[in-house]
Asker: 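Sharing a structure with you now.
This is a predicted model, so every value here is computed, not measured. We use all heavy atoms of the structure for the numbers below, so side chains are in, but hydrogens, waters and symmetry mates are not. Residue numbers begin at 1 in each chain, while the letters A, B, ... track the order of the sequences.
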Amino acid sequence: MQDVLSLAAQNLLSPIVLFFVLGVGAALARSDLTIPEAVAKGISLYLLFAIGFKGGVAVSNNGIDLTLGMTLMAGVILSFVLPFIAFALLRWISQLSRTDAAAVAGHYGSISIVTFVAATSVLQSSGIVAEGYMVAVAAAMEAPAIFSALLLVSSGGKGRMDGALIREILLNGSIVLLVGSFFIGWITGAEGMAKIEALIVSPFQGVLCLFLLDMGLVAGRGLKQGRAVLRPGPLVFGMLMPVIGSCLGLAFALIIGLSLGGAVLLMVLAASASYIAVPAAMRVALPEANPSVYLTLSLGVTFPFNLTLGIPLYLAMASAVHGG
Amino acid sequence: MQDVLSLAAQNLLSPIVLFFVLGVGAALARSDLTIPEAVAKGISLYLLFAIGFKGGVAVSNNGIDLTLGMTLMAGVILSFVLPFIAFALLRWISQLSRTDAAAVAGHYGSISIVTFVAATSVLQSSGIVAEGYMVAVAAAMEAPAIFSALLLVSSGGKGRMDGALIREILLNGSIVLLVGSFFIGWITGAEGMAKIEALIVSPFQGVLCLFLLDMGLVAGRGLKQGRAVLRPGPLVFGMLMPVIGSCLGLAFALIIGLSLGGAVLLMVLAASASYIAVPAAMRVALPEANPSVYLTLSLGVTFPFNLTLGIPLYLAMASAVHGG
Amino acid sequence: MQDVLSLAAQNLLSPIVLFFVLGVGAALARSDLTIPEAVAKGISLYLLFAIGFKGGVAVSNNGIDLTLGMTLMAGVILSFVLPFIAFALLRWISQLSRTDAAAVAGHYGSISIVTFVAATSVLQSSGIVAEGYMVAVAAAMEAPAIFSALLLVSSGGKGRMDGALIREILLNGSIVLLVGSFFIGWITGAEGMAKIEALIVSPFQGVLCLFLLDMGLVAGRGLKQGRAVLRPGPLVFGMLMPVIGSCLGLAFALIIGLSLGGAVLLMVLAASASYIAVPAAMRVALPEANPSVYLTLSLGVTFPFNLTLGIPLYLAMASAVHGG
Amino acid sequence: MEKHDAKRVAIIIEAIMESRLRQALEGAGVTGFSVLPVLGGSGRSGSWSRDDTVSRGGGMVQVICIIRPEKLDRMLEAAFEVVDRHIGVVTISDCQVLRADRF
Amino acid sequence: MEKHDAKRVAIIIEAIMESRLRQALEGAGVTGFSVLPVLGGSGRSGSWSRDDTVSRGGGMVQVICIIRPEKLDRMLEAAFEVVDRHIGVVTISDCQVLRADRF
Amino acid sequence: MEKHDAKRVAIIIEAIMESRLRQALEGAGVTGFSVLPVLGGSGRSGSWSRDDTVSRGGGMVQVICIIRPEKLDRMLEAAFEVVDRHIGVVTISDCQVLRADRF
Ligand SMILES: Nc1ncnc2c1ncn2[C@@H]1O[C@H](COP(=O)(O)O)[C@@H](O)[C@H]1O
Ligand SMILES: Nc1ncnc2c1ncn2[C@@H]1O[C@H](COP(=O)(O)O)[C@@H](O)[C@H]1O
Ligand SMILES: Nc1ncnc2c1ncn2[C@@H]1O[C@H](COP(=O)(O)O)[C@@H](O)[C@H]1O
Ligand code: NA
Ligand code: NA
Ligand code: NA
């Protein structure tokens with residue numbers, strides 16, 4: 001317990017969390033600070049490029065084993081199953097309509113890549129190594145939850161899924177860049193890394209600070225717009241659901257036999273909620289659902305929760321039960 | 001004198017000045033070279049982030065003392081007082097209307113953060129250290145001059161100041177990012193610096209070159225549009241006023257007992273003129289004032305003057321009178 | 001031959017080529033991956049800034065000799081002459097109209113700076129040094145081909161060239177930045193390099209990967225739009241013409257006595273085709289020409305050909321005949 | 001200068017729906033249109049601004065289509081198909097056009 | 001397809017005034033409008049281009065508002081209040097709108 | 001609120017021709033216009049999108065000009081001169097304008 005708290009305190013005072021807090025504060029104080037859309041998009045491309053490539057190089061260095069396939073499958077199952085749990089929980093503790101609840105649920109099966117990156121940083125500064133292929137697992141977990149969400153409303157005749165949408169979901173830019181960079185990292189290995197290391201390794205933390213500043217600004221502005229959503233039920237959901245997800249993630253990790261680092265990352269993936277891929281898919285397939293509900297919960301509640309308290313908590317949980 | 005000249009010559013041949021000159025030249029020759037708006041905004045966010053953070057880390061390393069409070073106060077006084085001097089000078093040597101003169105005067109009380117950054121570079125290459133909190137002083141000097149400008153026209157019934165505008169001025173994005181990064185640097189100290197150093201320290205000079213290229217392009221295009229403004233009176237003002245400001249800055253620095261580096265930076269702040277925060281405020285509060293007058297003077301005359309001749313001059317002045 | 005193949009294979013598996021392939025693949029699969037326009041523009045400014053500056057520093061380090069002037073002249077001649085060869089070849093092996101053929105021909109006299117940069121990387125990883133002033137030669141080769149293209153159609157009364165267009169061509173942003181950075185690098189030399197090295201040297205390869213990803217996306221989308229163009233005649237032209245150009249480039253290099261590296265770069269310049277400066281000029285001066293013809297050939301055929309097979313081939317050719 | 005009567009249809013729609021709208025228009029034989037960016041706005045579903053949208057693709061665009069009057073109805077039906085369940089605004093106004101041979 | 005008459009008001013105004021205009025519109029009960037970027041232009045106060053503006057916030061935007069004819073005057077008064085001392089252009093034109101229930 | 005009749009001319013043209021069009025307009029005594037970005041579109045010459053254009057300057061812009069009716073023809077002639085051989089669309093519509101003293 002002591003440890004969790006000191007870890008959490010240390011995490012709260014890391015530059016990335018502080019820049020996120022700065023962003024939220026600036027937004028709430030109605031400062032006009034903004035990161036231009038193109039710059040924010042550029043930074044997020046950089047982050048995907050860097051973590052994909054690093055993951056691939058790690059796989060190339062350490063080789064792969066059976067756990068890769070199992071972890072990918074675990075990720076897909078988690079992404080597919082979590083929305084059903086989330087939906088049940090939401091219907092129980094909130095007054096959200098079926099449609100809104102299904103849309104929210106879809107977000108919690110999918111993942112937040114920035115939360116994943118932040119967790120990677122925490123692991124790194126704690127000197128914990130994780131399986132390089134976890135970024136591939138992240139990519140694999142983006143989409144299945146969307147299908148679950150649409151299943152959840154299909155009985156009501158809502159939710160339109162067509163070929164174009166499926167292609168859009170599976171080939172969305174983030175997934176393609178992440179997976180593509182992963183394979184290129186894998187193919188080019190240490191030699192490739194030597195060439196582009198100066199761009200993707202050392203400046204990474206600094207760039208992440210800027211990105212979290214932007215996330216803070218966006219989350220803060222979203223909170224102001226969506227404060228109507230923040231009744232007790234949804235609020236509790238937004239902090240309880242990630243913990244539930246992380247427990248399931250931990251269970252899978254133990255079964256598969258992931259390393260401590262890998263276990264934490266799978267927990268974080270299960271715990272985090274999407275705010276890019278799933279909202280876009282929902283706008284197309286389920287336009288009746290209210291975006292401010294799912295965006296406020298995912299980005300305004302769950303993302304900050306994971307970033308500040310969640311990650312240290314999951315690390316503590318995993319450390320407690322993990323063999324070593 | 002010898003020294004001033006050799007310093008000035010050396011400064012004139014530094015990459016940042018040469019890139020500024022390239023920008024001005026390209027604009028005057030009507031090249032279509034442009035830095036996209038989003039990229040320029042991104043670079044300026046980077047610069048604010050970097051210098052704020054570095055300043056905070058410096059304070060965390062060296063601690064603070066009484067001079068911090070005094071220097072902040074000196075900055076605020078300078079920012080508040082300089083517009084009155086500028087106004088009197090302008091009314092004397094130019095034919096500008098009261099409104100235009102007041103608007104221009106407001107710019108000269110406030111500051112140019114890029115001039116500040118350029119001065120920091122010069123100090124650095126001369127091996128002179130300055131108080132880390134000078135960036136906080138820079139932030140404190142942005143706004144007071146705006147109030148002076150509006151006071152100067154208030155008798156004429158012009159100049160509208162309301163709560164929304166005051167909030168906009170005090171919480172403008174640049175100030176929030178600069179001050180926020182400063183505090184985060186202060187809180188996270190050397191440890192935080194170690195994490196993001198590779199982004200904000202080593203590539204800084206190169207990024208500054210690109211930014212000055214953009215400043216040159218913008219200044220050059222402004223000069224072409226605003227050449228009607230450049231009659232002898234305003235022109236002399238644009239080069240005399242910074243020198244007057246720097247003398248006042250030097251006086252304050254000596255009274256407070258700033259280090260040589262700190263004295264130079266306070267001089268540069270007093271000498272430089274705003275071209276972002278104050279113009280924006282003037283468009284809202286004093287739309288009758290002609291923007292091309294204040295922009296041409298601030299960016300087309302005073303900025304290049306400070307960048308090329310001013311900074312070495314102020315350094316020479318400070319070196320001459322400073323104890324050591 | 002063995003060597004060419006192993007070199008080509010090695011080149012094909014380099015990160016920059018793989019990221020280009022990723023981009024093409026993503027575009028053909030209709031992924032929505034895109035690099036925002038402002039970011040792509042920013043990256044290309046960075047590349048021009050970096051290679052211009054590095055070239056200038058190299059000249060400052062090694063001094064210049066008579067070959068500089070001769071190589072510049074060779075470049076101008078190549079740029080001027082190649083369109084006539086390209087035109088004749090096109091009229092012979094394709095059914096393109098005079099206007100379209102002339103427009104395409106203009107592109108092949110001019111150059112692709114990214115191909116040049118990619119070749120520089122290959123030389124670097126092979127430990128081959130080239131004359132620093134080759135970037136100036138690249139700049140000099142951009143424009144002459146445009147005049148040839150307009151000459152080729154002038155008999156038909158088409159093609160409008162006026163003073164404004166000439167200025168736009170000679171002072172286009174890329175040339176100004178490249179040449180400006182070259183001179184600033186030359187003036188500030190090793191000292192200037194020390195200041196901005198951390199921005200322009202070590203992260204260069206990584207940034208180049210991102211740029212090639214974007215080039216791949218753009219080329220892939222262009223190929224989809226312009227597939228009608230890809231009949232056998234033009235297709236053969238798009239791969240034959242660069243080889244012809246490279247032979248001419250090699251001949252000039254041998255006459256002038258360029259180093260092995262310099263010879264390869266001159267070959268690459270002669271072999272590559274423009275896709276920025278020349279298309280823009282053609283839209284103004286020869287709007288009747290179909291842009292999808294020249295863009296598809298230049299960017300969809302010749303650029304990938306040079307990037308993957310061309311560069312290793314030219315290196316092998318030069319190595320075979322070059323004294324050492 | 002000879003002018004011809006035409007209709008100008010402006011559709012403000014979520015960016016994510018743009019490709020679907022493009023396809024529907026092309027399907028209805030509408031070959032000419034332009035897409036303009038929208039920075040922000042306000043409507044029944046609240047107010048938004050491009051810089052605040054969480055998923056940056058979350059903004060809107062404006063599709064402008066100059067069309068012969070006789071083709072208007074077919075076009076509106078095709079567009080309506082796509083816009084139907086989604087937020088957005090469709091307006092039609094009269095205009096004149098030069099170089100009508102190009103339509 | 002049922003169409004309803006409406007007015008289209010387009011206001012070109014300095015970006016820095018956008019938030020004030022938004023507030024004035026909302027104050028006047030105007031709940032629907034969109035903001036479009038402007039890259040440059042020319043007017044009595046000279047010509048400008050987004051890339052040349054010194055303070056990059058210095059550009060202009062275009063606020064477009066589709067409104068029921070009976071609400072027009074109240075809206076124009078509110079907008080005029082903000083635009084009054086500032087540079088900018090206000091135009092009104094007729095249009096028709098689909099899905100009028102949404103207004 | 002006093003309104004005055006005016007014409008609204010909208011010209012969609014290649015970005016590379018913008019400076020030439022600006023000059024032609026100024027040459028014809030047209031002192032007021034605004035330039036808006038265009039993200040993509042479709043026409044006889046195929047469909048395009050800003051993100052796909054090879055040479056990134058390859059996009060189009062929309063020049064909007066509010067003008068007194070009596071100046072319209074002179075303006076159209078000047079614009080036509082530039083647009084003539086190039087792709088693009090020119091439309092004219094009626095509008096009303098506030099603060100007509102500014103024109
Ligand atoms: N009356 C209107 N005039 C102009 N734009 C509108 C109007 N109503 C809605 N919009 C735009 O359409 C978006 C969605 O509108 P709504 O469906 O009413 O929420 C808004 O955010 C605006 O960008
Ligand atoms: N007649 C007009 N048509 C379109 N836009 C205009 C017109 N007049 C002014 N503008 C726009 O409004 C800005 C300010 O105009 P002004 O107040 O005349 O200087 C110009 O820079 C243009 O962007
Ligand atoms: N009918 C139209 N309505 C709106 N924009 C059009 C129309 N026709 C063409 N455009 C725009 O003008 C560009 C060139 O058109 P075109 O000359 O027909 O190839 C297109 O890509 C569109 O952006
Ligand atoms: Na999840
Ligand atoms: Na000052
Ligand atoms: Na060539």
Asker: About how many Å separate CG of D32(B) and CD1 of I175(C), when rounded to the nearest 0.5 Å?
Answerer: 10.0 Å
Asker: For a quick test of reading the model, state the closest non-hydrogen atom pair linking R167(C) to A29(B) and the distance between them.
Answerer: CD-O, 3.7 Å
Asker: Tell me, for F183(C) versus chain B, whether the close heavy atoms (under 4.5 Å) come from the side chain, the backbone, both or neither.
Answerer: neither
Asker: Pick one of side chain, backbone, both or neither for S202(C), based on which atoms fall under 4.5 Å of a heavy atom in chain B.
Answerer: neither
Asker: If you round to the nearest 0.5 Å, how far is OG of S181(C) from CG of L18(B)?
Answerer: 11.0 Å
Asker: Using 0.5 Å steps for rounding, measure from the CD1 atom of I196(C) to the CG atom of L208(B).
Answerer: 10.5 Å
Asker: At a 4.5 Å cut-off on heavy atoms, which part of I200(C) comes close to chain B: side chain, backbone, both, or neither?
Answerer: neither
Asker: Looking at A198(C) and P203(B), what are the two nearest heavy atoms and their distance?
Answerer: CB-N, 4.0 Å
Asker: Rounded to the nearest 0.5 Å, how far apart are CD of Q10(B) and CD of E191(C)?
Answerer: 7.0 Å
Asker: How many angstroms lie between atom CG of L33(B) and atom CG of N172(C), to the nearest 0.5 angstrom?
Answerer: 9.0 Å
Asker: Which pair of heavy atoms, one from P15(B) and one from G192(C), lies closest together, and at what distance?
Answerer: CG-CA, 4.0 Å
Asker: Need one label for F19(B): side chain, backbone, both or neither, based on atoms under 4.5 Å from any heavy atom in chain C.
Answerer: both
Asker: Of the backbone (N, CA, C, O) and the side chain (C-beta and beyond), which part of S121(B) lies under 4.5 Å from a heavy atom of chain C, both, or neither?
Answerer: neither
Asker: Is there a side-chain contact between L213(B) and L45(C) (heavy atoms, below 4.5 Å)?
Answerer: no
Asker: Say you draw a straight line from SG of C209(B) to CZ of F49(C); how long is it, rounded to the nearest 0.5 Å?
Answerer: 5.0 Å
Asker: Please check this pair: side chain of K41(C) against backbone of V39(B), looking for a donor-acceptor N/O pair closer than 3.5 Å.
Answerer: no
